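Since this is a predicted model, take the numbers as computed values, not measurements.
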Amino acid sequence: MFGENALELIRELKRAAESSLPPFNEDKIRQALEEMKQLFEQNQQDVNATVGGATGLFAGIQLRHTSLERNKRCILAYLHHRLEVIKGYRWEYGSVLPAEVKYNMCEHEVQWFSRYNKILATYMRSIGGPGSSGLDLTQDMKPPKTLYIEVRCLQDYGDFELDDGTVIILKKNSQ
């Protein structure tokens, strides 16, 4: 049946726990891509026949094209979900993944994680002024428990108007 392999990929993700990553199912992806190739070739033959004068093939062409689009959406959703989970692992575990997590990833996903890690590290180093070592965005991931926090002003800023219209004066080393 059209689209069964691609739909099985989505079902596999749905069966997995919320933030867990099932093993990469390369076989199902290959089968879905092979089905897409066959559908495309059949559509090409029918379109050529239609150009040649044949009639009554439009419904079959449209059905196969819809199946192609559905398979493409399912495969892209599968891959996108996996990358979002892997991106979440970077924030949860840090720059080194546990072995049981890495075991479920394919080689390309491990490479993607490595590149994402490098890009994030470069960005964190770039935050802050010259001479600073940057800002680690992975620290303090949970918000403070109190509504108010103390802030120390590092440089003279002058008057600063808050959202509620209150004006405060920010001077160097004031709290």
query = What are the two closest non-hydrogen atoms of M124 and L137, and how far apart are they?
reply = SD-N, 3.1 Å
inquiry  = Closer than 3.5 angstrom, by distance alone: can the side chain of N104 be matched with the main-chain N or O of L21 as a donor-acceptor pair?
reply    = yes
task = Identify whether M36 and V47 are in the same connected component of the hydrophobic contact network (ILVMFWY, side-chain heavy atoms under 4.5 Å).
result = no
task = Give the other cluster members for V96, using side-chain heavy-atom distances under 4.5 Å between Ile, Leu, Val, Met, Phe, Trp and Tyr residues; answer none if it is isolated.
result = none
message = side-chain contact (heavy atoms from CB on, under 4.5 Å) for L68 and K72? Distances and angles first, verdict last.
response = CA-CA 6 Å; L68 278 168; K72 180 176 75 171; over 6 Å; no
ask   = Do any pairs count as a ring-ring contact (aromatic ring centres under 6.0 Å, His included) and have a residue in residues 27-72, sequence neighbours left out, and if so which ones?
value = none
task = Indicate the ring-plane relationship of W112 and Y116, choosing parallel, tilted or perpendicular according to the 30° and 60° boundaries.
result = parallel
task = Start with the C-alpha gap between L154 and K172, add the side-chain angles, then the distance that decides, and say whether side-chain contact (heavy atoms from CB on, under 4.5 Å) holds.
result = CA-CA 5 Å; L154 299 177; K172 189 172 184 175; over 6 Å; no
query = Where is the tightest heavy-atom contact between A77 and I10, given as atom of each residue plus distance?
reply = CB-CD1, 3.9 Å
request  = Can you run down the ring-ring contact (aromatic ring centres under 6.0 Å, His included) pairs that involve residues 14-35, sequence neighbours left out, and say none if there aren't any?
outcome  = none
message = Under 4.0 Å between a side-chain nitrogen and a carboxylate oxygen: does that hold for E12 and R15?
response = no
request  = Report the distance from atom OH of Y157 to atom SG of C153, rounding to the nearest 0.5 Å.
outcome  = 10.0 Å
query = Is there a chain of hydrophobic side chains (I, L, V, M, F, W, Y, each step under 4.5 Å between heavy atoms) that links W91 to I127?
reply = yes
ask   = In terms of hydrophobic clustering (I, L, V, M, F, W, Y; side-chain heavy atoms under 4.5 Å; direct or indirect links), are L76 and L13 co-clustered?
value = no
note = Rounding to 0.5 Å, atoms CD (Q31) and CG (L33) come to a distance of 10.5 Å
ask   = Got a salt bridge between R30 and E34, using NZ or NE/NH1/NH2 to carboxylate O under 4.0 Å?
value = no
query = Taking only residues at least two apart or on different chains, which pairs with a member in residues 104-127 satisfy salt bridge (Lys or Arg N to Asp or Glu O under 4.0 Å)?
reply = R82-E109
inquiry  = Can you give me the closest heavy-atom contact between A16 and P22, atom names plus distance?
reply    = CB-CD, 3.9 Å
request  = Mind checking side-chain hydrogen bond (donor to acceptor under 3.5 Å, both in side chains) for R73 and listing every partner two or more places apart, or none if nothing turns up?
outcome  = none
key: Over all atoms of both residues, closest heavy-atom pair of S20 and V85   = O-CG1, 4.3 Å
remark   = Taken to the nearest 0.5 Å, the spacing of N71 CG from I29 CD1 works out to 11.5 Å
ask   = Do Y78 side-chain atoms and N25 backbone N/O form a donor-acceptor pair below 3.5 Å?
value = yes
Heavy-atom donor-acceptor pair, T166 side chain to L162 backbone, under 3.5 Å = no
inquiry  = Check for me, please, whether L9 and L7 land in the same ILVMFWY cluster - side-chain distances under 4.5 Å, paths through other members count.
reply    = no
inquiry  = I need the N173 CG to Q155 CD distance, nearest 0.5 Å.
reply    = 11.5 Å
ask   = Less than 4.0 Å between a side-chain N and a carboxylate O, is that true for K28 and E4?
value = no
key: OG1 on T66 to CD1 on I61, rounded to 0.5 Å   = 11.5 Å
ask   = Between atom CE of M105 and atom OH of Y89, what is the distance when rounded to the nearest 0.5 Å?
value = 9.0 Å
note = Heavy atoms of S67 and L39 approach each other most closely as CB-CD1, 3.8 Å
inquiry  = Going by salt bridge (Lys or Arg N to Asp or Glu O under 4.0 Å), name the pairs with one or both residues in residues 144-163, residues two or more places apart or in two chains.
reply    = none
task = Given side-chain contact (heavy atoms from CB on, under 4.5 Å), test N117 with S95 step by step and report yes or no.
result = CA-CA 6 Å; N117 204 14; S95 61; 3.0 Å; yes
